[in-house]
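This report concerns only the one structure given below.
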Amino acid sequence: GLEAEFLEHPCYMMGSDGIFFADGQIHPRQYGSAARILSHYVRKKRILSLEEAIYKLSGFAATRFKLRNRGVLRRGAYADIVVFDADAINDRATFDHPHRLAVGVEHVVVNGTPIVVAGAQIPGVTPGRYLRFNRES
């Protein structure tokens, strides 16, 4: 179908254009876009392989937007890492409860700083950075 053609297209890369409002109504994909791809389109529908999905979620965007030393795991690159259980990852956010975190995510490291450890968020830790096209930051 059309969703498979879209997701499989060589130019497709995953992203979310949602705007975050801490106290306002947000789209559930704000918290669950990557988990939705990995659970629904990789595991359940088998439209993408796990490797293809990971690339479309990380390396492809980093390459396309020329984000130097991002989207790859190698010495000297920024450590942006998600460790997840491919058999358990699932999005849980809904329009009624849009701030629900995905399940199956064990660890998240942003710029070398852990923000999720053993499935639990570390409160108050915000190591993320604003990224600009064709720059290292």
Next on the checklist: I'd like to check His40 versus Asp91 (side-chain heavy atoms, cut-off strictly below 4.5 Å). Are they in contact?
Outcome noted: no

Checklist entry - With a cut-off of 6.0 Å (strictly less than), are more than 12 heavy atoms of other residues, nucleotides or ligands near CZ of Arg100? => result yes

Next on the checklist: Applying side chain to side chain contact (heavy atoms under 4.5 Å, CB included) to Ile115 and His107, what does each step give before you reach the verdict?
Outcome noted: CA-CA 8 Å; Ile115 64 168; His107 307 283; over 6 Å; no

Next on the checklist: Walk me through whether Ile37 and Leu7 qualify under side chain to side chain contact (heavy atoms under 4.5 Å, CB included).
Outcome noted: CA-CA 9 Å; Ile37 291 289; Leu7 293 170; 4.0 Å; yes

Checklist entry - Any side-chain heavy-atom pair from Arg68 and Asn134 closer than 4.5 angstrom? => result yes

Checklist entry - Is there side-chain contact between Tyr41 and Met14, with heavy atoms separated by less than 4.5 Å? => result no

Checklist entry - Is there a side chain to side chain contact (heavy atoms under 4.5 Å, CB included) between His99 and Ile26 once you walk through the steps? => result CA-CA 8 Å; His99 296 281; Ile26 63 169; 3.7 Å; yes

Checklist entry - Any idea which heavy atoms bring Lys56 and Leu48 closest together, and the distance? => result CE-CD2, 4.1 Å

Item to check | Neighbour count >12 (heavy atoms, 6.0 Å) for atom CD, Gln121 | outcome: no

Next on the checklist: I'd like to know whether Leu57 forms a side chain to side chain contact (heavy atoms under 4.5 Å, CB included) with Leu38, so could you lay out the CA-CA distance, the side-chain angles of the two residues, the decisive distance to 0.1 Å, and finally the verdict.
Outcome noted: CA-CA 10 Å; Leu57 287 163; Leu38 296 170; 4.0 Å; yes

Next on the checklist: Between Asp80 and Val109, is there a side-chain heavy-atom distance shorter than 4.5 Å?
Outcome noted: no

Checklist entry - Between Val110 and Leu67, is there a shared hydrophobic cluster once you connect ILVMFWY residues whose side-chain heavy atoms come closer than 4.5 Å? => result no

Next on the checklist: Please find the pair of heavy atoms, one from Ala35 and one from Ile89, that lie closest to each other, and give the distance.
Outcome noted: CB-CG1, 3.8 Å

Checklist entry - Angle class for the His27/Phe95 ring planes (parallel below 30°, perpendicular above 60°, tilted otherwise)? => result perpendicular

Item to check | Side-chain touch Gln30/Pro98, heavy atoms, less than 4.5 angstrom | outcome: no

Checklist entry - So if you build clusters from Ile, Leu, Val, Met, Phe, Trp, Tyr with side-chain heavy-atom gaps below 4.5 Å, do Ile122 and Val108 land together? => result yes

Next on the checklist: Looking at every heavy atom in both Leu101 and Arg92, which two are closest together, and how far apart are they?
Outcome noted: O-NE, 2.9 Å

Next on the checklist: Please determine whether residues Val42 and Val82 belong to a single hydrophobic cluster, defined as Ile, Leu, Val, Met, Phe, Trp and Tyr linked transitively by side-chain heavy-atom distances below 4.5 Å.
Outcome noted: yes

Checklist entry - Taking a hydrophobic cluster as the set of Ile, Leu, Val, Met, Phe, Trp and Tyr residues connected by side-chain heavy atoms closer than 4.5 Å, whether directly or through intermediates, do Leu131 and Phe60 fall within one such cluster? => result yes

Checklist outcome for this item: Closest non-hydrogen contact found for Arg64 with Phe133 is O-CE1, 3.8 Å

Next on the checklist: Checking side-chain polar atoms at under 3.5 Å, does Arg36 have a donor or acceptor matched by the opposite partner on Asn90?
Outcome noted: no

Next on the checklist: Restricting to non-hydrogen atoms, name the atom on Ala62 and the atom on Arg70 that form the minimum distance, rounded to 0.1 Å.
Outcome noted: CB-O, 3.2 Å

Checklist entry - Do Val72 and Val83 share a hydrophobic cluster (ILVMFWY, side-chain heavy atoms under 4.5 Å, transitive)? => result no

Next on the checklist: If you count every heavy atom of other residues, nucleotides or ligands that lies below 6.0 Å from Phe6 atom CZ, does the total exceed 12?
Outcome noted: no

